[in-house]
Amino acid sequence: MRNAFSAERIIACLIGRSKAAVIVGDLLESFGEQETFAFWLSVTRIVLSLSWRHVVAFMAALLSGYFLQRLSWHAYHAMSGIRLQGDVNRSGLTIFLVALALQWGYIGRVIDSHNIAPRLRTSWRRVVGALGFLLALGWLIANYDLLYRLGFLYRGAAFAWFLLMTHPLLGSFRNPRAA
Amino acid sequence: MRHVPLGEFEQIVLLAILRLGQSAYGVTIRREIAVCTGRQPAPGALYTTLDRMEQKGLVESWLGDPTPQRGGRAKRYFMVTNKGGVAVAAAQRSYQKLLRGLQLPGGAHA
């Protein structure tokens with residue numbers, strides 16, 4: 001027996017409830033009551049098609065995060081003789097604001113308004129957003145050694161942010177632009 | 001007007017919507033493509049393409065009334081915008097230019 005509500009809930013995690021309802025409605029109309037296998041096969045194909053960019057974004061964010069972490073480690077050692085002035089609260093606030101701007105799509109809107117790359121309006125916005133955030137984070141780490149002392153917190157926060165940026169479940173719920 | 005470059009599948013979807021007129025929604029678009037091209041498009045590919053084209057301003061969509069056949073779910077109808085029409089016409093003109101003067105098996109292109 002097919003369960004349209006379950007299918008709708010799964011797809012809604014990726015693209016929002018209203019669009020998921022339309023897609024499941026189309027599938028119900030396309031497949032008869034007995035075509036359960038074909039129905040779920042289509043649901044699986046749709047989920048794979050909608051989520052592969054999120055998976056790529058997640059992997060890219062993790063890999064680039066690891067790379068930047070290694071880079072900042074080397075930069076920290078190279079500059080260890082120089083005492084850089086830093087302010088954890090200010091750094092934290094900067095990270096928070098950049099994160100907020102990326103997650104809620106403000107940077108995407110600025111890019112759109114300047115018509116730099118219309119393609120960034122689609123799912124790739126998340127990939128570009130995650131990489132942009134990582135670059136900002138790397139810059140902060142290179143400049144604020146005090147932040148680096150809070151290594152555990154930084155890693156935890158960075159990982160949580162990767163999840164928030166790239167995970168389709170959280171991303172769909174938190175981004176008000178997702179229908 | 002500067003037209004938006006289109007991929008092959010985007011052109012196919014736009015042409016299918018134009019052919020269907022007021023009755024273009026997921027199921028009919030997919031069926032029209034299958035009938036005209038002999039290829040059954042993947043459902044996921046169709047919906048992501050439609051979303052992308054809507055974001056580009058090539059198509060517009062609106063929700064119809066819920067129907068019992070669809071478990072009380074609405075249809076999402078699509079319409080090609082002026083920008084979409086210009087883009088697909090430009091893409092087709094490019095194909096026509098490339099074909100002009102060629103003698104291909106299965107048809108003359110003079």
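Naming convention: chains lettered A, B, ... in sequence-line order (proteins, then strands); numbering from 1 in each chain.
- Note that the CG atom of L6(B) and the OG atom of S94(B) stand 9.5 Å from one another [nearest 0.5 Å].
- Formation of a donor-acceptor pair under 3.5 Å by the S49(A) side chain with backbone atoms of R45(A) is not found in this model.
- T49(B) contributes atom OG1, which lies 9.0 Å from atom NZ of K56(B) (distance to the nearest 0.5 angstrom).
- Among residues 35-46 of chain B, the residues having any heavy atom closer than 4.5 Å to a heavy atom of chain A are, in sequence order, A42(B), P43(B), G44(B), A45(B).
- Here the closest heavy-atom approach between residue F39(A) and residue A4(A) is recorded as CZ-CA, 4.3 Å.
- Contact of V43(A) with chain B is not made at all, since no heavy-atom distance falls under 4.5 Å.
- By a heavy-atom distance cut of under 4.5 Å, L63(B), Q69(B), R70(B), G71(B), R73(B), A74(B), K75(B), R76(B) are the residues of residues 60-81 of chain B near chain A, going up by number.
- Annotation for A7(A) and V24(A): closest pair C-CG2, 4.1 Å, computed over non-hydrogen atoms.
- Hydrophobic cluster membership of L41(A), counting Ile, Leu, Val, Met, Phe, Trp and Tyr whose side-chain heavy atoms lie under 4.5 Å apart directly or via other members: F37(A).
- E8(A) has no carboxylate O lying under 4.0 Å from a charged side-chain N of R17(A), or vice versa, which leaves the two without a salt bridge.
- Scanning residues 15-31 of chain B against chain A with a 4.5 Å non-hydrogen threshold yields Y25(B), G26(B), V27(B), sorted by number.
- Under a hydrophobic-cluster definition in which Ile, Leu, Val, Met, Phe, Trp and Tyr are linked whenever side-chain heavy atoms come within less than 4.5 Å, directly or via other members, I12(B) and M53(B) are assigned to the same cluster.
- Judged by distance alone, the side chain of E29(A) and the main-chain N or O of D26(A) form no donor-acceptor pair under 3.5 Å.
- Residues L14(B) and G84(B) come closest through the heavy atom pair CD1-O, 4.0 Å.
- The structure places CZ of F9(B) at 7.5 Å from OG1 of T48(B), a figure rounded to the nearest 0.5 Å.
- If you chain together hydrophobic residues whose side chains sit under 4.5 Å apart, V47(A) and L28(A) fall into the same group.
- Taking CG of L58(B) as the start and CD of Q11(B) as the end, the distance is 11.0 Å to the nearest 0.5 Å.
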